[in-house]
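Computed from heavy atoms alone, side chains included, the values below leave out hydrogens, waters and symmetry copies.
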Amino acid sequence: MGLVLPGRAYAEGAAPDVRAAGPAADDRSAESSSDDRSAGAAAAALRTAYIGTYTAQPGGGTGIGLAAYRPDRGTLASTGLLEGVANPSYLAVAPDRRTLYAVNEQAEGAVTAVRIGGGRPAEVLGTRPTGGADPCHVSVHGRFLLSANYTGGNIAVHPLGRDGALGEVSDLVRHQGSGPDPERQEGPHAHQVVTDPAGRFLLAVDLGTDSVHTYRLDERKGTLRESGRAATRPGAGPRHLVFHPSGRHVYLVNELDSTLVVCAYDPRTGMLTPGNSQPTLPRGTVLDERNYPAGVIISPDGRFVYVSNRGHNSIVVFAVRRGGAELHPVSHTPSGGSYPRHIVLDPTGRLLFASNQKSGRVTIFRVDRATGRLRLAGPALEAPVPVCVLPL
């Protein structure tokens, strides 16, 4: 495994100036004198991003992509590559931002830990098996790493060392059941595992069984205990969820029926109660291929929810009403490419990144924080099979 940087080496958190990828030449010239006088400030404005891919797919990358973006300009540029990490299709970062974690989505599933920050090049700390096939999601819960094995249909727990390194699996919980879709729901398919806002419960979304499992983690033993399970509409195929900042509502996106469900959440018990659903496609839409919603995210202020549509190739915006209990569609914006598998907001909530898997493009949108609407910020970044972006 190695770090490959184009042209020269840049320390973590530093990167080449990406002003050349800015919106319009006239805008750049109008701002150039100010930029020239404040080169230090411009460099400080650069932020780091990591890009996940499928290394085993034709045209895929060879590891985790390294990039830099300018929040003020909405530009993104490649700065290098961390080679040798297999199928890093989903990425997460530790709360202290010193360790990056990647799934290795393959038959012999694994997760990889990477040391970042500190002004040093990224360094792989090690890889551990997840005990299941095709892990597709990973998240950090205190001193543990949680991963969802899609084909394995199970949830894995890894203890983390003080340096962020991975220990061996401390627990592996397999889901049971199936759904009515014979092609996609022949058995359990764990697709996501996240911690609730209070840090008490873990929620695991299973596409194959149309269910969301609630767990408690014994942090002394590193083991999971199921405390509840919520059923969705048969055949809906739940994929991912996101919490409202209040911690009282959850928005659950269903991959197989193109809907987004508003769920009530009880933080005392960790129980989810599905409610009304909204279509993620414009009413009356007819497509040549099936649509599969993928990512669901919420603005930092909790006013807007965003969902990506693979097939329709769009990002739908919903306005949040009644303290999180209702959603109202605002707009559908083309994703700027084909098959937007992943969407994410930068830490400020001003930029949205969309990973268009089939067209090899990461598009950047500016977010109107008053209306929630999106507009392209500048040129897309061409990347090999991008399926996840993690902006820091």
Side-chain angles (χ1 to χ4, degrees), residues 54 56-57 86-90 102-111 128-139 145-158 169-194 201-217 223-241 250 252-261 263 270-272 274 277 280 289-296 310-311 339 341-342 357 387-388:
Y54 283 115
Q57 286 190 5
N87 283 349
S89 63
Y90 197 89
V103 301
N104 305 126
E105 190 174 343
Q106 54 196 12
E108 296 183 1
V111 284
R128 296 284 192 180
T130 59
D134 300 314
C136 60
H137 186 271
V138 66
S139 63
L145 188 75
L146 310 166
S147 54
N149 293 305
Y150 179 81
T151 303
N154 51 33
I155 303 297
V157 181
H158 287 83
V169 168
S170 59
D171 199 11
L172 188 66
V173 178
R174 178 173 168 78
H175 296 166
Q176 302 293 329
S178 60
D181 188 320
E183 295 182 358
R184 298 294 308 280
Q185 296 184 308
E186 78 292 346
H189 291 305
H191 217 306
Q192 184 195 39
V193 55
V194 294
F201 295 98
L202 306 174
L203 274 66
V205 184
D206 197 300
L207 183 148
T209 62
D210 291 317
S211 59
V212 179
H213 300 251
T214 298
Y215 293 102
R216 292 294 297 266
L217 176 66
T223 55
L224 295 172
R225 177 176 58 85
E226 185 171 7
S227 57
R229 188 182 309 179
T232 66
R233 191 186 70 81
R239 178 185 174 93
H240 279 194
L241 62 78
V250 166
L252 177 68
V253 66
N254 291 317
E255 178 174 333
L256 301 184
D257 71 358
S258 293
T259 61
L260 180 66
V261 180
C263 305
M271 283 304 300
L272 198 70
S277 65
T280 65
E289 62 177 306
R290 188 172 178 179
N291 183 71
Y292 297 104
V296 57
R310 297 173 296 172
Y339 226 63
R341 179 181 175 89
H342 182 261
Q357 178 178 351
V387 292
C388 180

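Remark: Leu203 CG to Gln192 CD distance equals 8.5 Å, nearest 0.5 Å. Interatomic distance, Glu186 CD to Ser178 OG, rounded to the nearest 0.5 Å: 8.5 Å. Distance check: Asn149 CG to Thr130 OG1 gives 3.5 Å after rounding to the nearest 0.5 Å. Rounding to the nearest 0.5 Å gives a distance of 10.0 Å between CG of Asp181 and CD of Glu255. Atoms OH and CG, on Tyr292 and Leu207 in that order, are 10.0 Å from each other to the nearest 0.5 Å. Going from atom CG of Asp257 over to atom OG1 of Thr280 covers 8.5 Å, rounded to the nearest 0.5 Å.
For the pair His175/Ile155, a side-chain contact is recorded, criterion being any heavy-atom separation below 4.5 Å from C-beta on. The shortest distance between side-chain heavy atoms of Leu145 and Arg128 does not fall below 4.5 Å. Looking only at side-chain heavy atoms (C-beta outward), Val261 and Thr232 stay at 4.5 Å or farther from each other. Side-chain contact check for Glu108 versus Pro129: every heavy-atom pair is 4.5 Å or farther apart. In this structure, Asp210 and Pro238 have side chains that are in contact, with non-hydrogen atoms separated by less than 4.5 Å.
The side chain to side chain contact (heavy atoms under 4.5 Å, CB included) with Thr223 is formed by just one residue from the set Leu217, Leu172, Asp171; it is Asp171.
Here the shortest heavy-atom pairing between Pro135 and Ser89 reads O-OG, 4.3 Å. For the residue pair Arg174 and Pro188, the shortest heavy atom distance occurs at NH2-CG, 3.8 Å. Nearest approach of Gln106 to Ala86, heavy atoms of both residues: OE1-CB, 3.5 Å. Counting all heavy atoms, side chain and backbone alike, Pro274 lies closest to Ala231 at CG-O, 3.6 Å. The heavy-atom pair separating Gly131 from Asn154 by the smallest distance is O-ND2, 3.7 Å. Nearest heavy-atom pair, Ala204 versus Tyr215, reported as atom, atom and distance to 0.1 Å: CB-CE1, 3.9 Å.
Although no hydrogens or angles enter the test, the distance criterion places a donor-acceptor pair under 3.5 Å between the side chain of Ser139 and the main chain of Val193. Proximity of a side-chain donor or acceptor of Asp206 to a complementary backbone N or O of His189 within less than 3.5 Å is detected. The closest donor-acceptor contact from the side chain of Arg239 to the backbone of Val253 lies at 3.5 Å or more, if one exists at all.
Taking the ring axis of Phe201 as reference, the NZ or CZ atom of Arg216 stays within 45° of it and closer than 6.0 Å to the ring centre.
Using a 30° and 60° split on the angle between ring planes, Tyr90 and His342 fall in the perpendicular class, above 60°.
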Worksheet entry | Residue pair Leu272, Thr214: steps toward the side chain to side chain contact (heavy atoms under 4.5 Å, CB included) verdict | CA-CA 8 Å; Leu272 198 70; Thr214 298; 5.5 Å; no

Discussion item. Using the rule given for side-chain hydrogen bond (donor to acceptor under 3.5 Å, both in side chains), can you reason through Thr259 versus Asn254, listing the C-alpha separation, both sets of side-chain angles and the distance that settles it, and then say yes or no?
Written reply: CA-CA 5 Å; Thr259 61; Asn254 291 317; 3.0 Å; yes

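Side-chain atoms of Arg341 and Tyr54 form a donor-acceptor pair, as typed in the model, at a separation below 3.5 Å.
With sequence neighbours excluded, the residues satisfying ring pair (Phe, Tyr, Trp, His ring centres under 6.0 Å) with His240 are His137, His191.
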